[in-house]
There are 2 protein chains.
Amino acid sequence: MTVWDRPEPPTRPAPLDRERIVAAAVALADEGGLEAVSLRKVAARLDVGPMRLYGYISTKEELFDLMVDEVYAEILPEEQPGDWREVLRVLAHRTRQACLRHEWLADLLGGRPALGPNALAVTEATLAVFDGLTDLDTVMRAVETVNAYFTGAIRREIANLRAERASGLSEREWQHASGPHVRRLLATGRFPALARFVHDGNEVDAEVSFATGLDWVLDAVAARLARPAGVTFRISG
Amino acid sequence: MTVWDRPEPPTRPAPLDRERIVAAAVALADEGGLEAVSLRKVAARLDVGPMRLYGYISTKEELFDLMVDEVYAEILPEEQPGDWREVLRVLAHRTRQACLRHEWLADLLGGRPALGPNALAVTEATLAVFDGLTDLDTVMRAVETVNAYFTGAIRREIANLRAERASGLSEREWQHASGPHVRRLLATGRFPALARFVHDGNEVDAEVSFATGLDWVLDAVAARLARPAGVTFRISG
DNA sequence: CTCATGTCGATACACTGTATTTTGACGAGA
DNA sequence: TCTCGTCAAAATACAGTGTATCGACATGAG
């Protein structure tokens with residue numbers, strides 16, 4: 001018995017439904033982050049007692065699940081181009097954009113399986129483009145690998161973004177900006193390689209960094225799609 | 001001013017220091033997950049009033065940061081083999097193992113930049129093995145890409161593991177096990193590709209799935225290390 | 001011995017998610 | 001029309017949270 005199973009209660013004169021609740025929660029989270037979402041505040045925003053919400057959701061985690069699925073509706077592209085590579089690329093970028101619009105999404109993404117209707121629709125659209133291309137196992141591995149990449153990359157990007165924002169207008173990368181602590185540790189000489197990166201490394205745009213890594217991973221997938229499961233093929237040691 | 005900057009207070013006859021606090025918090029989290037960690041419970045486990053802790057940490061988030069860095073000590077391998085590919089592979093697997101031992105780590109990983117001494121030591125060891133191999137930009141991209149992959153993959157693995165555990169001894173993959181909701185949605189016929197996967201897909205061991213995707217990503221990195229930054233090289237469209 | 005310092009514990013506050021109880025409105029039967 | 005039962009909604013209650021504040025006490029200096 002999960003959220004998705006529970007039917008909405010009979011529509012009474014009450015001007016309240018799950019959609020409005022979720023919308024209020026999303027608005028709250030957009031404004032003040034996930035921790036600004038409390039059942040009391042959501043209820044207040046709807047001019048309703050806190051306990052009213054429990055007729056529509058049965059726990060706060062369920063509300064979070066619903067919020068995530070709400071945003072998956074933004075992620076699902078309106079029309080699909082034909083190429084699997086383009087589909088995965090677009091999915092990754094749309095997910096990233098959604099996380100930039102709703103930073104709290106980065107905290108939730110991957111935290112629990114996304115099983116809402118919109119999330120499933122996204123998965124369906126993704127899997128569909130591989131139809132007949134190779135065996136199911138390879139397709140699963142491909143999709144999961146790309147997903148793991150962009151999920152992790154987005155999470156780190158948002159984390160860095162927040163850190164920079166918190167430490168006040170980051171000068172360069174996190175290493176330079178993150179206060180006296182890192183500098184002091186680097187000064188100990190215990191981290192020469194790291195020090196070189198902090199000193200000589202270039203500041204790179206987050207989006208191109210994301211896109212570059214994504215292309216690498218897509219290349220890897222492409223290589224494996226050419227040679228279906230079973231055959232291993234190392235390029236270099 | 002972060003946790004790492006704050007010196008430990010002068011060692012009084014008080015049998016309390018940051019190490020003991022962090023150890024208690026980690027133990028608590030190991031037993032009951034992150035949400036079982038409350039400052040009051042940590043303090044209680046050390047026979048101390050809750051406010052005592054604020055002499056050593058200044059916020060709960062800092063405690064979490066310290067917990068993460070504590071586990072990074074487990075992740076740092078005792079001795080490094082020479083090959084960059086092996087180093088990244090081992091790092092990924094050790095991180096995964098650490099997350100299986102301390103599932104709460106998966107909730108924290110990537111959530112904020114890891115800047116503790118142990119985390120930096122891990123980064124240092126990772127970067128060092130690339131010394132002189134290519135330009136710094138490529139190395140950075142390589143490390144971050146692999147990191148993004150295994151971070152995301154681990155997070156999903158733990159999420160699925162919990163879901164299976166919660167839904168009581170999962171029969172197969174999450175799709176089958178996740179209650180009537182998914183089954184009902186699949187029955188609508190709106191998700192034919194997904195349905196095929198649920199029906200025909202094989203159950204795959206989480207570890208080999210992790211290792212396989214990791215190998216793909218490592219291959220992609222290897223291909224780029226061979227051809228330094230700037231040159232793009234698509235294998236397939 | 002007195003006094004200042006500064007550490008520690010207790011208390012306090014505002015807030016959380018959620019269970020339980022109270023209220024009140026509305027429809028059915030007399 | 002009046003009464004009563006039912007059921008949704010609101011109010012209250014509870015156990016817990018992170019953290020600020022304050023009072024007491026022990027320990028060191030003069």
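Just so it is clear: chains get the letters A, B, ... in the order the sequence lines come, proteins before strands, and each one is counted from 1.
- A salt bridge links B:E78 with B:R94: the distance from a Lys NZ or Arg NE/NH1/NH2 to an Asp or Glu carboxylate oxygen falls below 4.0 Å.
- Atom CG in B:L34 sits roughly 12 Å away from atom P in D:dG18 (whole-Å rounding).
- For A:L46 and D:dA10, the CG to C1' distance is 16 Å, given to the nearest whole Å.
- The ring of A:F150 has its center no closer than 6.0 angstrom to the ring center of A:H93.
- At least one donor-acceptor pair closer than 3.5 Å links the side chain of A:T188 to the backbone N or O of A:L185.
- Of the listed residues (B:V42, B:L66, B:V68), just one forms a side chain to side chain contact (heavy atoms under 4.5 Å, CB included) with B:V22, and that residue is B:L66.
- Of the residues in residues 103-112 of chain A, none has a non-hydrogen atom less than 4.0 angstrom from any atom of DNA chain C.
- A distance of 7.0 Å separates CG in A:L186 from CG in B:L120, rounded to the nearest 0.5 Å.
- With hydrogens and angles ignored, the 3.5 Å screen pairs a side-chain donor or acceptor of A:S38 with a backbone N or O of A:K41.
- Of the inter-residue distances, the one linking A:Y54 atom OH with A:K60 atom NZ reads 9.0 Å to the nearest 0.5 angstrom.
- Counting only residues at least two apart or on different chains, the salt bridge (charged side-chain N to carboxylate O under 4.0 Å, His left out) pairs with a member in residues 100-126 of chain A are A:E61-A:R112, A:D65-A:R112, A:E74-A:R101, A:E103-A:R162, A:E103-A:R165, A:D107-A:R162.
- If you take OH of B:Y56 and C1' of D:dT19, they are 18 Å apart, rounded to a whole angstrom.
- Distance A:R52 CZ to D:dA10 P: 5 Å, rounded to the nearest Å.
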Sub-3.5 Å pairs of nitrogen or oxygen atoms, protein against nucleotides 16-19 of chain C:
{"unit_1": "C:dT16", "atom_1": "OP1", "unit_2": "A:S38", "atom_2": "OG", "d": "3.0"}
{"unit_1": "C:dG17", "atom_1": "OP1", "unit_2": "A:L39", "atom_2": "N", "d": "3.2"}
{"unit_1": "C:dG17", "atom_1": "OP1", "unit_2": "A:K60", "atom_2": "NZ", "d": "2.9"}
{"unit_1": "C:dG17", "atom_1": "OP2", "unit_2": "A:L39", "atom_2": "N", "d": "3.0"}
{"unit_1": "C:dG17", "atom_1": "N7", "unit_2": "A:R40", "atom_2": "NH1", "d": "2.4"}
{"unit_1": "C:dG17", "atom_1": "O6", "unit_2": "A:R40", "atom_2": "NH1", "d": "3.4"}
{"unit_1": "C:dG17", "atom_1": "O6", "unit_2": "A:R40", "atom_2": "NH2", "d": "3.0"}
{"unit_1": "C:dT18", "atom_1": "OP1", "unit_2": "A:T59", "atom_2": "OG1", "d": "2.8"}
{"unit_1": "C:dT18", "atom_1": "OP2", "unit_2": "A:Y54", "atom_2": "OH", "d": "2.8"}
{"unit_1": "C:dT18", "atom_1": "OP2", "unit_2": "A:K60", "atom_2": "N", "d": "3.1"}
{"unit_1": "C:dT18", "atom_1": "O5'", "unit_2": "A:Y54", "atom_2": "OH", "d": "3.0"}
{"unit_1": "C:dT18", "atom_1": "O4", "unit_2": "A:R40", "atom_2": "NH2", "d": "3.4"}

